[in-house]
Number of protein chains: 2
Amino acid sequence: MNQVLDRAVAAPLYKEVKRVLTQSLAQGEWQPGEALPSEARLAQRYGVSIGTLRKAIDELVAEGVVVRRQGSGTFIASHGANRLMFHFFHVVPREGDKQYPRTTTLAFRRGRADGAQAARLGISVGDPVLRIRNLLSLADKPVILDDMVLPQRLFPDLSERILTARDNTIYHLYQARYGINVLRTAERLRASLADAEVAKLLGVRKGAPLLAIDRVAYTYHNAPIELRRSLVNTAEHEYFSDIGK
Amino acid sequence: MNQVLDRAVAAPLYKEVKRVLTQSLAQGEWQPGEALPSEARLAQRYGVSIGTLRKAIDELVAEGVVVRRQGSGTFIASHGANRLMFHFFHVVPREGDKQYPRTTTLAFRRGRADGAQAARLGISVGDPVLRIRNLLSLADKPVILDDMVLPQRLFPDLSERILTARDNTIYHLYQARYGINVLRTAERLRASLADAEVAKLLGVRKGAPLLAIDRVAYTYHNAPIELRRSLVNTAEHEYFSDIGK
DNA sequence: AAGTGGTCTAGACCACCAT
DNA sequence: TGGTGGTCTAGACCACTTA
């Protein structure tokens with residue numbers, strides 16, 4: 001049971017513990033929503049004190065990878081919880097409370113990655129990808145048009161039926177069905193103008209200003225797993241970003 | 001020397017320590033850039049163990065309020081360091097490396113807060129404010145137009161001369177001259193169209209798409225101290241936002 | 001060499017949850 | 001009631017900075 005760690009020189013012990021723990025998480029040793037072994041057990045397994053083990057888990061908690069529940073255990077962070085619904089969804093009404101989006105899938109196609117997509121997804125040009133177009137409505141009005149690119153390899157049996165049959169977020173589907181846990185996103189925003197096709201879908205005039213968001217979603221080890229271009233009608237909604245605290 | 005803490009029931013000791021420490025920081029007991037007393041000294045002063053004291057400071061570090069330097073001390077985070085230059089500045093070239101902005105002050109006026117401004121700044125309608133318009137250039141081309149509103153009360157002697165004579169960021173000026181430490185910002189983004197006046201200043205056509213950013217900057221205790229509306233020409237630049245990690 | 005923050009340990013006790 | 005995470009302590013030793 002006692003698993004001695006290979007200590008890389010000049011690396012703190014708790015970082016080593018965190019690294020090994022992350023490995024186990026990435027390899028699916030415990031399932032999403034499931035509890036990890038108790039802190040005492042993990043400390044014993046890695047041959048470190050509880051304090052050191054806790055410091056490793058502290059960082060995983062700060063990164064949103066796991067969640068502690070006093071008296072209950074430490075769990076893999078789930079994309080299903082309402083609490084996390086808005087962790088990666090940043091469009092809110094300019095006035096009033098947050099709204100839950102309703103998603104309509106407009107297109108589901110298979111294709112091949114071009115140069116830019118391959119580079120950003122860490123795959124090869126021409127590798128098979130899935131291309132998905134979703135229209136997101138808030139308060140029953142279309143607000144966001146999403147175009148996504150996924151490496152086919154990571155989502156072997158994903159079909160339009162499976163995608164639209166989900167009863168939760170897309171990231172929950174990635175996690176529950178494909179064991180892919182989105183931990184981090186990087187977004188780049190610009191202002192653009194609606195072309196005729198997009199204008200029709202979003203119900204705005206051609207040439208209306210739209211917020212364009214280019215997102216890359218990452219899982220463990222900063223491996224990219226999804227590209228997404230979102231076009232947002234910001235007439236009655238806006239994008240929020242809080243830095244610090 | 002030993003200062004016993006009033007322990008609020010059901011509040012962990014380290015949270016109390018953090019609260020008292022934050023009070024001292026907010027009241028300027030130590031100056032920006034200056035070192036706090038050593039951890040051992042602070043632990044003794046508050047009558048807690050070093051471990052507890054460290055846990056309090058851990059949170060202040062996570063919030064960017066203070067910075068630890070091994071072998072040297074714990075310092076109030078400074079807005080002057082290059083490292084922090086881009087902590088609150090999120091516009092980068094779409095291609096290539098980050099660029100440092102050059103600021104030109106176009107207007108410096110005194111006025112009175114309207115309803116919306118007063119509400120967001122936590123002051124009363126009609127209270128005196130400063131209105132500043134800055135044009136920010138990247139690689140010698142105008143890219144961002146900033147309109148700022150500051151409560152006059154917090155910046156008693158701020159003049160156009162003092163503003164433009166600074167050799168550092170505006171937030172460094174707030175910190176160094178007025179003891180106001182910007183810790184957090186909240187931003188709301190939308191897409192908009194350039195009107196004639198703005199188009200001329202930014203060198204774009206009227207009706208060109210611009211990224212509009214509404215920012216509120218906060219200091220200790222989440223007290224708002226600045227409103228800022230930025231209009232960004234995103235033809236060759238973009239706004240970045242990384243969530244997680 | 002003295003002083004600072006960084007790591008690691010071992011153990012006690014508490015608050016909470018499930019049973 | 002037993003197991004879990006949460007807090008707090010006391011002390012040892014290490015790594016780094018400054019003078």
Side-chain angles (χ1 to χ4, degrees), chain A residues 1-21 25 30 33-78 81, chain B residues 1-21 25 30 33-78 81:
Chain A
M1 187 63 87
N2 187 310
Q3 165 186 350
V4 176
L5 300 177
D6 290 338
R7 293 219 46 184
V9 282
L13 186 50
Y14 77 91
K15 289 281 187 187
E16 273 304 294
V17 173
K18 180 187 171 190
R19 196 181 57 76
V20 175
L21 221 32
L25 288 164
W30 309 289
E34 191 182 340
L36 274 54
S38 75
E39 296 180 342
R41 231 178 293 273
L42 285 173
Q44 187 186 8
R45 162 150 138 193
Y46 297 131
V48 301
S49 75
I50 286 200
T52 300
L53 189 279
R54 276 184 65 81
K55 192 156 181 182
I57 293 190
D58 280 345
E59 295 205 349
L60 294 176
V61 170
E63 293 168 12
V65 175
V66 299
V67 177
R68 287 199 181 101
R69 286 190 220 137
Q70 183 175 96
S72 179
T74 302
F75 299 78
I76 299 189
S78 165
Chain B
M1 187 63 86
N2 187 308
Q3 164 183 351
V4 176
L5 302 175
D6 289 338
R7 292 218 50 182
V9 283
L13 186 50
Y14 76 91
K15 290 281 189 187
E16 272 305 293
V17 172
K18 180 186 170 191
R19 195 181 58 75
V20 175
L21 221 31
L25 288 163
W30 309 289
E34 191 182 337
L36 274 54
S38 74
E39 296 180 342
R41 230 178 293 273
L42 285 173
Q44 187 186 6
R45 163 151 137 191
Y46 297 131
V48 301
S49 74
I50 285 200
T52 300
L53 190 279
R54 276 184 66 81
K55 192 156 181 181
I57 293 190
D58 281 346
E59 295 205 347
L60 294 176
V61 170
E63 293 168 12
V65 176
V66 300
V67 177
R68 287 199 181 101
R69 288 192 218 135
Q70 185 175 95
S72 179
T74 302
F75 299 78
I76 299 188
S78 166

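Just so you know, these numbers use all the heavy atoms, side chains as well, and skip hydrogens, waters and symmetry mates. The chains referred to below are lettered A, B, ... by the order of the sequence lines, with proteins before strands, and numbering in each begins at 1. What you are looking at is a predicted structure, and each value in this text was computed from that prediction instead of being measured.
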Round to a whole Å and report the spacing from [atom1] of [X] to [atom2] of [N].
| X | N | atom1 | atom2 | result |
| --- | --- | --- | --- | --- |
| A:Leu36 | D:dG5 | CG | C1' | 13 Å |
| A:Asp58 | C:dC8 | CG | C1' | 14 Å |
| B:Ile50 | D:dA10 | CD1 | P | 10 Å |
| A:Arg69 | C:dC16 | CZ | P | 16 Å |
| B:Glu39 | C:dG5 | CD | C1' | 5 Å |
| A:Arg68 | D:dT4 | CZ | P | 14 Å |
| A:Leu42 | D:dG5 | CG | C1' | 12 Å |
| B:Tyr46 | D:dT9 | OH | P | 15 Å |

If you check the [X] side chain, which of [options] turns out closest?
| X | options | answer |
| --- | --- | --- |
| B:Thr74 | D:dT4, D:dT9, C:dG5 | C:dG5 |
| B:Lys55 | D:dA15, D:dG5, D:dT7 | D:dT7 |
| B:Ser38 | C:dG5, D:dC8, C:dT9 | C:dG5 |
| B:Arg54 | C:dT7, C:dT9, D:dT7 | C:dT7 |
| B:Gln70 | D:dC8, C:dA15, C:dG5 | C:dG5 |

Taking every non-hydrogen atom, the tightest pair across A:Ala56 and A:Lys18
CB-N, 3.8 Å

Could you report the tightest heavy-atom contact between B:Ile50 and B:Ala40, atom names first, then the distance?
CD1-CA, 3.9 Å

Output, in order, the C-alpha distance, side-chain angles, deciding distance and verdict of side chain to side chain contact (heavy atoms under 4.5 Å, CB included) for A:Leu60 and A:Leu25.
CA-CA 11 Å; A:Leu60 294 176; A:Leu25 288 164; 4.2 Å; yes

N or O in side chain of B:Tyr14 less than 4.0 angstrom from D:dT7 OP1/OP2:
yes

Going through the checks in order, is the side chain to side chain contact (heavy atoms under 4.5 Å, CB included) test met by A:Arg68 and A:Leu36?
CA-CA 10 Å; A:Arg68 287 199 181 101; A:Leu36 274 54; over 6 Å; no

Want to settle it: does A:Leu53 or B:Ser72 sit nearer the 5' end of DNA chain C, counting the closest nucleotide to each?
B:Ser72

Quick one: which of B:Val65, B:Ile57, B:Val66 gives a side-chain contact (heavy atoms from CB on, under 4.5 Å) with B:Leu21?
B:Ile57

